[in-house]
Amino acid sequence: MNAAVQQALRARSWQTAEPSALAPETSRILPSGNRMPLLGLGTWELQVHTAETVCSALELGFRMVDSSPTYHTQRGIGDAIRACGFERGDIYVITQVEPLGDTYAALHKNLLQLKLEYADLVLFHLPEVEDGGEMAWQALRRAKRDGLTHDIGVSGYSIDALEELVYRTGEMPAVNQIEWSPFGHSPRMLDFCRDNDVVIQARSPLTRAMRLNDDKVTTMAARYGKTPAQLLIRWNLQLGVVPLPKANHVQHLRENLNVFDFEIQPHDMTRLNALNEHFSVREGLPYL
Ligand SMILES: NC(=O)c1ccc[n+]([C@@H]2O[C@H](COP(=O)([O-])OP(=O)(O)OC[C@H]3O[C@@H](n4cnc5c(N)ncnc54)[C@H](OP(=O)(O)O)[C@@H]3O)[C@@H](O)[C@H]2O)c1
């Protein structure tokens, strides 16, 4: 079997999150036909030495970087991609805009900060705007036609908000980026996104380190010879969710990529799912 067929089969079987299909080089195929890596780097609060840290992450093997102007990391991310000698097409870049005002102009401004010609994915968040995000969507659709982004997604949307957006625009976002960990997630959202071909990207997948000392998680992680962070990342991957762990420390970056050599057994996946208490690092899970 040639490599391209193998890759296509892997990508297809990944849709059902078969653990055996998970490999560092596997990518998710979006409805647009574009590919997205299975795991990305979060960059909130990575504003100290951003370029160096992102460069280390890319050299270690990260191929996707999440950004937003509110993280103040976009300049450093763009610098890292160029300084570390990567081709633009090798790295998947996510940026974010607010749904108020001119989202086309906001995306353009982000790209200027990143010094990139396009984003792979632009997200807009806060579904509580009066029009459900319709204006933002239309402007970003224009941006997509003009080549400023390859895909459009949302952030923090509930199922009702997603349905409202589809009702108004006739289109389903490629991605919903939401807080997601064993301690705080939604089986209903998972089913909805699977049924509608929406990728869930997990923000704060490590609970901002607040729950990494949980007894059940540490005990289970030790049984697999892994750390709690690796267990949480792997749990996401096996659900078919794309985690975006942030790490300043190189040791953490290395650890967070080293999640493709073990498999959480079904009964342990069930135990991790059962930890759900709708925990949030902030003011609650806005998508519930
Ligand atoms: N769209 C939005 O509104 C939104 C909101 C929140 C988050 N996000 C995205 O999601 C990303 C991730 O979420 P987050 O930054 O809130 O938190 P997170 O990724 O859940 O946790 C980050 C924390 O975990 C620590 N850590 C990382 N790897 C570790 C490891 N292997 N072992 C032990 N500790 C480890 C980090 O430490 P060190 O840094 O010291 O290494 C940091 O303190 C953000 O950076 C951002 O890109 C988006």
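Each ligand, and each atom within it, is numbered from 1 in the order the structure gives. Worth knowing before you read on, the calculation uses all heavy atoms, side chains too, and leaves out hydrogens, waters and symmetry mates.
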Chemist: Measure S204 to ligand 1 on non-hydrogen atoms and call it side chain, backbone, both or neither using the 4.0 Å cut-off.
Modeler: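 Answer for S204: both.
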Chemist: Quick check on contacts: which atoms of ligand 1 are under 4.0 angstrom from a heavy atom of S155?
Modeler: 1 (N)
Chemist: Does K144 have more than 12 heavy atoms from other residues, nucleotides or ligands lying within 6.0 Å of its NZ?
Modeler: yes
Chemist: Answer yes or no: does atom NE2 of H267 have more than 12 heavy-atom neighbours from other residues, nucleotides or ligands under 6.0 Å?
Modeler: yes
Chemist: Considering only the protein, which heavy-atom contact is closest to atom 38 (P) of ligand 1, and what is its distance?
Modeler: N248 N, 3.4 Å
Chemist: Heavy atoms only, cut-off 4.0 Å: how does A247 contact ligand 1, side chain, backbone, both, or neither?
Modeler: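 Looking at A247 and ligand 1, atoms from backbone and side chain both fall under 4.0 Å.
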Chemist: L112, I77: one ILVMFWY side-chain cluster at the under-4.5 Å cut-off?
Modeler: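 No; I77 is not reachable from L112 via cluster members.
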Chemist: Which residue from R254, R211, Q251, H252 reaches closest to atom 41 (O) of ligand 1 through any of its heavy atoms?
Modeler: H252
Chemist: Would M135 end up clustered with L123 when hydrophobic side chains under 4.5 Å apart are linked, directly or stepwise?
Modeler: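 Hydrophobic grouping puts M135 apart from L123.
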Chemist: Would one find an N or O of H249, backbone or side chain, under 3.5 Å from an N or O of ligand 1?
Modeler: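 N/O-N/O distance below 3.5 Å exists for this pair.
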Chemist: Enter the distance from L288:CG to H185:NE2 here, rounded to the nearest 0.5 Å.
Modeler: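 Output value for this atom pair is 10.0 Å.
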Chemist: Below 4.0 Å, non-hydrogen atoms only: which portion of S68 touches ligand 1? Side chain, backbone, both or neither.
Modeler: neither
Chemist: Under 6.0 Å from the NZ atom of K216, do we count more than 12 heavy atoms belonging to anything else shown?
Modeler: no
Chemist: Using a plain distance cutoff, I'd like to know if L206 has any nitrogen or oxygen under 3.5 Å from a nitrogen or oxygen of ligand 1.
Modeler: yes
Chemist: For the residue pair N110 and T95, confirm or rule out a side-chain donor-acceptor distance under 3.5 Å.
Modeler: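 Note: N110 and T95 side chains meet the donor-acceptor criterion.
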Chemist: Within 45° of the six-membered ring axis of Y118 and under 6.0 Å from that ring's centre, is NZ or CZ of R88 located there?
Modeler: yes
Chemist: Give the single entry among K226, E45, Q230, K246 that approaches atom 25 (C) of ligand 1 most closely by any heavy atom.
Modeler: K246
Chemist: Around atom 44 (C) of ligand 1, find the nearest protein heavy atom and jot down its residue, atom name and distance.
Modeler: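 Sorting protein heavy atoms by distance from atom 44 (C) of ligand 1 puts W44 CB, 3.6 Å first.
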Chemist: For G42, counting its heavy atoms only, list the atoms of ligand 1 lying under 4.0 Å from any of them.
Modeler: 11 (C), 44 (C), 45 (O), 47 (O)
Chemist: What atoms of ligand 1 come closer than 4.0 angstrom to any heavy atom of L244?
Modeler: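 Once the distances to L244 are compared, the set is 10 (O), 11 (C), 12 (C).
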Chemist: Under 4.0 Å from a heavy atom of L212: give me the atoms of ligand 1 that qualify, with their elements.
Modeler: 33 (C), 34 (N)
Chemist: Heavy atoms only, cut-off 4.0 Å: how does E255 contact ligand 1, side chain, backbone, both, or neither?
Modeler: side chain
Chemist: Given that the side chain starts at C-beta and the backbone is N, CA, C, O, which of these parts of Q177 lies under 4.0 Å from ligand 1, counting heavy atoms, or is it both or neither?
Modeler: side chain
Chemist: At less than 4.0 angstrom from any non-hydrogen atom of D66, what atoms of ligand 1 do you find?
Modeler: 9 (C), 46 (C), 47 (O)
Chemist: At less than 4.0 angstrom from any non-hydrogen atom of A229, what atoms of ligand 1 do you find?
Modeler: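 Near A229, meaning under 4.0 Å from one of its heavy atoms, ligand 1 has 30 (C), 31 (N), 32 (N).
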Chemist: Is the Lys NZ or Arg CZ of R63 less than 6.0 Å from the centre of Y92's six-membered ring, within 45° of the axis?
Modeler: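 Here R63 fails the 6.0 Å and 45° test against Y92.
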Chemist: Where the closest heavy atom to atom 5 (C) of ligand 1 is concerned, which of Q201, Q96, H125, R203 has it?
Modeler: R203
Chemist: More than 12 foreign heavy atoms under 6.0 Å from CE of M269: is that the case here?
Modeler: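 Enclosed.
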Chemist: Just let me know how E179 lines up against ligand 1, side chain, backbone, both or neither, with a heavy-atom cut-off below 4.0 Å.
Modeler: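 It is neither part, as no heavy atom is under 4.0 Å.
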Chemist: At under 4.0 Å between heavy atoms, which part of N256 makes contact with ligand 1: side chain, backbone, both or neither?
Modeler: side chain
Chemist: Looking at atom 6 (C) of ligand 1, what's its closest protein heavy atom, distance included?
Modeler: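 Checking every protein heavy atom, the shortest distance to atom 6 (C) of ligand 1 gives R208 NH2, 3.6 Å.
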Chemist: Within the 4.0 Å heavy-atom shell around P245, which atoms of ligand 1 are there?
Modeler: 19 (O)
Chemist: Count the heavy atoms belonging to other residues, nucleotides or ligands that lie under 6.0 Å from NE2 of H278, then report whether that count exceeds 12.
Modeler: yes
Chemist: Return yes when atom CZ of R188 has more than 12 non-hydrogen atoms of other residues, nucleotides or ligands closer than 6.0 Å, and no otherwise.
Modeler: no
Chemist: Under 4.0 Å from ligand 1, counting heavy atoms only, is it the side chain of T43, its backbone, both or neither?
Modeler: backbone
Chemist: Under 3.5 Å between some N or O of ligand 1 and some N or O of Y71?
Modeler: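 Yes, since at least one N or O of Y71 sits under 3.5 Å from an N or O of ligand 1.
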Chemist: Looking at E277 and R211, does any basic side-chain N land under 4.0 Å from a carboxylate oxygen?
Modeler: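 A salt bridge links E277 with R211.
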Chemist: Do R203 and W44 meet the cation-pi criteria used here (NZ or CZ under 6.0 Å from the six-membered ring centre, within 45° of the axis)?
Modeler: no
Chemist: With no hydrogens and no angle check, just 3.5 Å: does a side-chain donor-acceptor pair link Y224 and D268?
Modeler: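 Yes.
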Chemist: Tell me: protein heavy atom nearest atom 43 (O) of ligand 1, and distance?
Modeler: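 Checked against all protein heavy atoms, atom 43 (O) of ligand 1 sits closest to A209 CB, 4.2 Å.
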